[in-house]
Amino acid sequence: MKIQSVKGTRDFYPPLMAVRNFIADGWKEASRRNGFEEYDGPIFEYLKMYQVKSGDEIVEQLFNFTDRGQRHLAIRPEITPTLARMVNQQINALPRPIKWFSVPRLCRAERPQKGRLREFFQWNIDIIGVDDVLADAEVIYTSIDYLRSLGLTSRDIKAKISSRKLLAGFLINLGIPEGQLDTIYPILDKKTKLPEAVFDEMLAKVISHKRTAAAIKEFMEFKDLSNISDYLLEVIRNSDEGTEAEEELERLLDLLETMGVGDYCVFDPGIVRGLAYYTGVVFEIHDAVGDLRAVCGGGRYDNLLKDFGGPAVSGTGMGMGDCVLEILLREKGLLKDGQIATLQIDNFVAYTDMELQKDAISIAAKLREKGEATDISYKSGSLKKQLKQASNAGAKKCIILSKEFIEDKKLIVKDMGTGEQELINADTF
RNA sequence: GUGGAUGUAGCUCAGCUGGCUAGAGUACCAGGUUGUGAUCCUGGGUGUCGCGGGUUCGACUCCCGUCAUCCACCCCA
């Protein structure tokens, strides 16, 4: 019976595994050089943990099951709730600030499409316990730092930055009841993703006042804080919250400039994020020219720990999936199939006669004991074939046992880079 | 859940308005005077033409159904 792979999953054959490691290793290096510590949690959790934030409809979008003890469990669709749980459990023992990262394998039961699969990897970084926007700047900087290290320039990608607080202050001053904000955010989040007419229709359903709707659209299209119209500025500054958010954003952009990534960053009030739990700075990094979905997204969530039964400690973080990233890197020519070696050995041991096999095995074993990556031919076929195998394995040297070994206990050591070879005494090994 | 496209060798694909034993490139295996990596040459098909029905003397080809994949919606933590 032939069984195929499950929809939305990937088989990581060695060349693809090399790509996956290339991405994950880069994430880990970027995390460490920016001062983040690695953590991980279980791959499944109680289902209700994912319902806290997002309600019951989320259940249809994740893989859930009941174990033999009748526990309702779910394979993790994200790691942030796990992070919140773990931090809450030891909140009084952990030194602040908490700067943690993880590269979890996640599953979501959504319909697969370009840049979105049912099983994927996502780099998460979070800073918990720092109210200062410096923490938001650090998160954005670390994200850019990684992408930049791959060769993506400020012409390739842009970090679009806004603030939920700014938006909230603006909307409230326009006369929108605070309780309605959570319904409006997901709609505004779609502004750039939908045709204008469709968006207008959706917005009209929640905002009947035409001038208010127009003001919201106008606000979301501004690209420069210093160039915003007097009327909108007045609306923003008409509240402490709006004024505070404006100052925070200005400081954030200034910090990013100081960090040397100012040219990657733009203010974009069109960035809202669909999630309810964001409370401050929000951002997404996009392909500057293409129409791929966001490479990563994140923001500040001041109530997350509290929502998971912990204290009111603030956090800010970011998630970056591997699928869109890989597509982007391939489009930019920064990642090519077969470009990353799946095998890198130091020595390959070849022999021209079966009577030499035992000695060859012994020499290979000694090299391995010394810590050198060594492979050996399993049969004494033509030397041509064995050298080809050595070459394919990326061997730096090929050690050949032949008549010189039988006669004088000498080995041929061939440098696979230069092609030069020398005779050495076998007892050197 | 909705719509569109596509299913032929491990991979990329060709195969016309139905007609001989189903093909190419690539990959892989073997060999090219039993001692040298590339290229080249020779040989090897590794296949339930997604699956099931129907039409027909005859189906990879046409029709119906079904399954799968991809793309776009819905959704997106």
Side-chain angles (χ1 to χ4, degrees), chain A residues 1-11 13 15-16 49-55 57-62 74 76-84 104 106-118 120 122 124 185-186 189-190 193-195 198 202 272-278 282 284 291 293-294 296-299 301 304 307 317-321 323-324 327 337-338 348 350-356 377 379-406 412-421 423:
Chain A
M1 183 179 178
K2 193 177 176 183
I3 297 175
Q4 58 186 15
S5 59
V6 176
K7 180 205 290 280
T9 64
R10 289 170 287 180
D11 291 330
Y13 286 89
L16 281 183
M49 196 160 90
Y50 302 109
Q51 295 170 309
V52 169
K53 264 184 359 189
S54 323
E57 65 275 20
I58 211 78
V59 176
E60 290 176 16
Q61 290 169 39
L62 45 73
R76 63 186 177 190
E78 56 173 331
I79 202 169
T80 309
T82 301
L83 170 71
L106 306 176
C107 293
R108 295 177 188 175
E110 296 171 303
R111 200 155 193 153
Q113 52 188 279
K114 190 176 184 186
R116 193 170 73 185
L117 298 171
R118 287 187 160 185
F120 58 97
Q122 188 183 64
N124 282 77
Y185 290 144
D189 183 51
K190 293 189 177 64
K193 298 161 191 164
L194 292 173
V198 179
M202 286 180 73
V272 178
R273 306 287 291 157
L275 265 178
Y277 66 67
Y278 289 114
V282 284
E284 290 176 0
D291 55 352
R293 56 184 72 237
C296 75
Y301 45 87
L304 189 70
D307 291 346
M318 180 283 305
M320 180 186 298
C323 303
V324 173
I327 293 169
D337 277 329
F348 187 87
Y351 46 96
T352 57
D353 195 296
M354 275 314 271
E355 74 178 69
L356 292 165
S377 175
K379 51 188 180 181
S380 68
S382 72
L383 197 51
K384 182 190 181 91
K385 198 159 292 178
Q386 294 185 63
L387 278 165
K388 189 175 176 180
Q389 195 185 342
S391 191
N392 287 343
K396 295 187 188 77
K397 289 178 189 167
C398 189
I399 290 143
I400 303 163
L401 283 73
S402 191
K403 63 175 192 286
E404 293 84 347
F405 185 84
I406 298 171
I412 302 167
V413 177
K414 183 182 176 78
D415 184 309
M416 297 299 282
T418 63
E420 287 168 14
Q421 52 190 54
L423 271 178

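Letters go in sequence order (proteins before strands), and every chain restarts at 1.
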**Q.** Exercise: do A:T352 and A:S380 side chains pair donor with acceptor under 3.5 Å
**A.**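 Judged by distance alone, the side chains do not pair up.
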Taking a pair as Watson-Crick or G-U wobble with both distances under 3.5 Å, which nucleotide is matched to [N]?
N     : result
B:G65 : B:C51
B:C16 : none
B:G25 : B:C11
B:G58 : none

Q.
Tell me if a side-chain donor or acceptor on A:Y50 pairs with a main-chain N or O of A:P81 at a distance below 3.5 Å.
A.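 Here the side-chain-to-backbone pair does not exist.
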If I take atom [atom1] in residue [X] and atom [atom2] in nucleotide [N], what distance separates them, rounded to the nearest angstrom?
X      : N     : atom1 : atom2 : answer
A:E110 : B:C73 : CD    : P     : 14 Å
A:R111 : B:A72 : CZ    : P     : 13 Å
A:L383 : B:U36 : CG    : C1'   : 5 Å

[atom1]-based separation of [M] from [N] [nearest Å]:
N     : M     : atom1 : result
B:C29 : B:G10 : P     : 16 Å
B:C60 : B:C16 : C1'   : 13 Å
B:G43 : B:A5  : C1'   : 40 Å

Q. Heavy-atom count around A:K397 NZ within 6.0 Å, excluding the residue itself: above 12?
A.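 No, not enclosed.
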Can you tell me if [X] touches the phosphate of [N], counting only side-chain N or O atoms and a distance under 4.0 Å to OP1 or OP2?
X      : N     : answer
A:K7   : B:C67 : no
A:K379 : B:A30 : yes
A:K403 : B:U34 : no

Closest to the [X] side chain: [options]?
X      : options             : value
A:K414 : B:G31, B:C76, B:U36 : B:U36
A:Q113 : B:U36, B:G37, B:A72 : B:A72
A:I400 : B:A30, B:U36, B:C75 : B:U36
A:P77  : B:A77, B:C74, B:G37 : B:A77

**Q.** N/O donor-acceptor pair, side chain A:K384 with base B:U36, under 3.5 angstrom
**A.**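 Under the 3.5 Å cut-off, the side chain and the base do not form any donor-acceptor pair.
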